[in-house]
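By convention in this document, chain letters (A, B, ...) are assigned in the order of the sequence lines, proteins followed by strands, and residues within each chain are numbered from 1.
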Protein chains: 2
Amino acid sequence: MALGTDYSGQDCSLARALELVGERWTPLILRDAFVGVRRYRDFLAHLDIPRAVLAARLQALVDAGVMTKVRYQDAPPRDEYVLTAKGRELWPALHLLSQWGERHLSELGPRRVYTHLPCGSRLEAGRCPSCGTVRPEDVEVRLGPGAVTSRTDAVSVALREPRRLLEPLRTS
Amino acid sequence: MALGTDYSGQDCSLARALELVGERWTPLILRDAFVGVRRYRDFLAHLDIPRAVLAARLQALVDAGVMTKVRYQDAPPRDEYVLTAKGRELWPALHLLSQWGERHLSELGPRRVYTHLPCGSRLEAGRCPSCGTVRPEDVEVRLGPGAVTSRTDAVSVALREPRRLLEPLRTS
DNA sequence: CTCCTGAGTTCGTTGACTGAACCTTTGGGC
DNA sequence: GCCCAAAGGTTCAGTCAACGAACTCAGGAG
């Protein structure tokens, strides 16, 4: 269970991208960010990730300009981690990889169903078959027939309700 | 520099997909497979990857049905690793991540330019803006202005020529 | 003052990646 | 037959990242 990332010597934008978002846990942190998770506590509860690794990954994402820390309360001071525009552009890539997994690794049917709300189409290949490219804000996620609802942490429970991408999750 | 992969407990097709293709080196092995690399020796030369890791990754990809071993010569017996249909379906996801890297991490302009040969359009978002979804076989890759040609191994040199995706690379 | 929560940091242990050396099969040159 | 080289691995000791439990720290609440 170790995944370092450093592909120096590869003159390749894929390698550069993987050094940022290819590390262990990072794609799942981003997935959670897209479905609305913003707080350290919620990432921790939903991912079962070591605290030190989570702190390091969030810091790396902030340093890379993929997320920003936003203060949402002053007493006591609390920050949320929110995707930047650069980070939000990762959604098609993450979604396509996820769809590949749905097709080939999900025997009971899709675990999540993505709908483009303005037109009602199901998303394919990270975009709407009728409208072209799609903004994550316009996408609705809900559980599909292949979903397994075994987790009982507050974040997993809250995420069972249909919701829009990027809509902040509230668990408290 | 360690990236293990096992996201048990995550009911998520992205996590399942990452367990297969998210391990360290695996995305770059797949990238090489898409540009025509097929032999152990060529992967080794082009990636600077430890032999044991390369052998383990190729075996895992074969076990998962993403690649197959194909005998191309009997005396002495030699096999090539070739993408299956399941593996070829990973192209849009890999391409999108690569394009994100081109946009955000490649200061000198794109390192690689992808063209849909039947219509001549440059690919965007893993598909052709005019034709819709694209088969990798119909895509041409050539170096762009951001490319750095510092590697001197035979595979890197051969890959400097424009070529179609999936067209077998010959270096000997 | 004491307890509690959120958000980390510290640290010993485990396990994956690294790189060099070694092994096996086969063919070619002599 | 004998020796060497190449392809495709396997083995192994050392290193470094991930793991997980414990600890720290700041700021309320009572």
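In this structure, A/L44 places its CG atom 12 Å from P of D/dA21, rounding to the nearest Å. The nearest whole Å value for the distance from the CG atom in B/D48 to the P atom in C/dA20 is 11 Å. Taking atom CG of residue B/L58 and atom C1' of nucleotide D/dA7, one finds them 14 Å apart after rounding to whole Å. To the nearest angstrom, P of D/dG20 lies 13 Å from CG of A/L47. Between B/D6 atom CG and C/dA16 atom P there is a gap of 9 Å when expressed in whole angstrom units. Put simply, CD on B/E80 is 13 Å from P on D/dA7, counting in whole angstrom units. Rounded to an integer number of Å, the gap from CD of A/Q59 to C1' of C/dT9 is 13 Å. Atom CG of A/L54 is separated from atom P of D/dG20 by 14 Å (rounded to the nearest Å).
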Would you tabulate the nitrogen or oxygen pairs shorter than 3.5 Å linking the protein to nucleotides 1-7 of chain C?
residue, atom, partner, partner atom, Å
C/dG6, OP1, A/R41, NH1, 2.9
C/dG6, O4', A/R78, NH2, 3.0
C/dG6, O3', A/R78, NE, 3.2
C/dA7, OP2, A/R41, N, 3.1
C/dA7, N7, A/R51, NH2, 3.0

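In this structure, B/V82 is not a member of the same hydrophobic cluster as B/V21, with clusters built from ILVMFWY side-chain heavy atoms closer than 4.5 Å.
A donor-acceptor distance shorter than 3.5 angstrom exists from the side chain of B/Y7 to the backbone of A/W25, with no hydrogens or angles considered. Proximity of a side-chain donor or acceptor of A/Q10 to a complementary backbone N or O of B/H46 within less than 3.5 Å is detected.
For the ring pair (Phe, Tyr, Trp, His ring centres under 6.0 Å) test, residues two or more places apart in sequence or in another chain that qualify with B/F34 are B/W91. Scanning for salt bridge (charged side-chain N to carboxylate O under 4.0 Å, His left out) contacts around B/R51 gives an empty result, with sequence neighbours left out.
Looking at which nucleotide of DNA chain D each of A/P76 and A/A52 is closest to, the 5′-most match is held by A/A52.
With C/dG8, D/dG28, D/dA18 as the candidates, the nucleotide lying closest to the side chain of A/V53 is D/dA18. Of the candidates C/dT9, C/dT18, D/dG28, C/dT18 carries the atom nearest the B/R24 side chain, counting heavy atoms from C-beta on.
In this structure, A/R38 fails the cation-pi test against A/F43, since its NZ or CZ atom is not both closer than 6.0 Å to the six-membered ring centre and inside 45 degrees of the ring normal.
Using modelled atom types, one finds no donor on one side chain facing an acceptor on the other under 3.5 Å when comparing A/T115 with A/R122.
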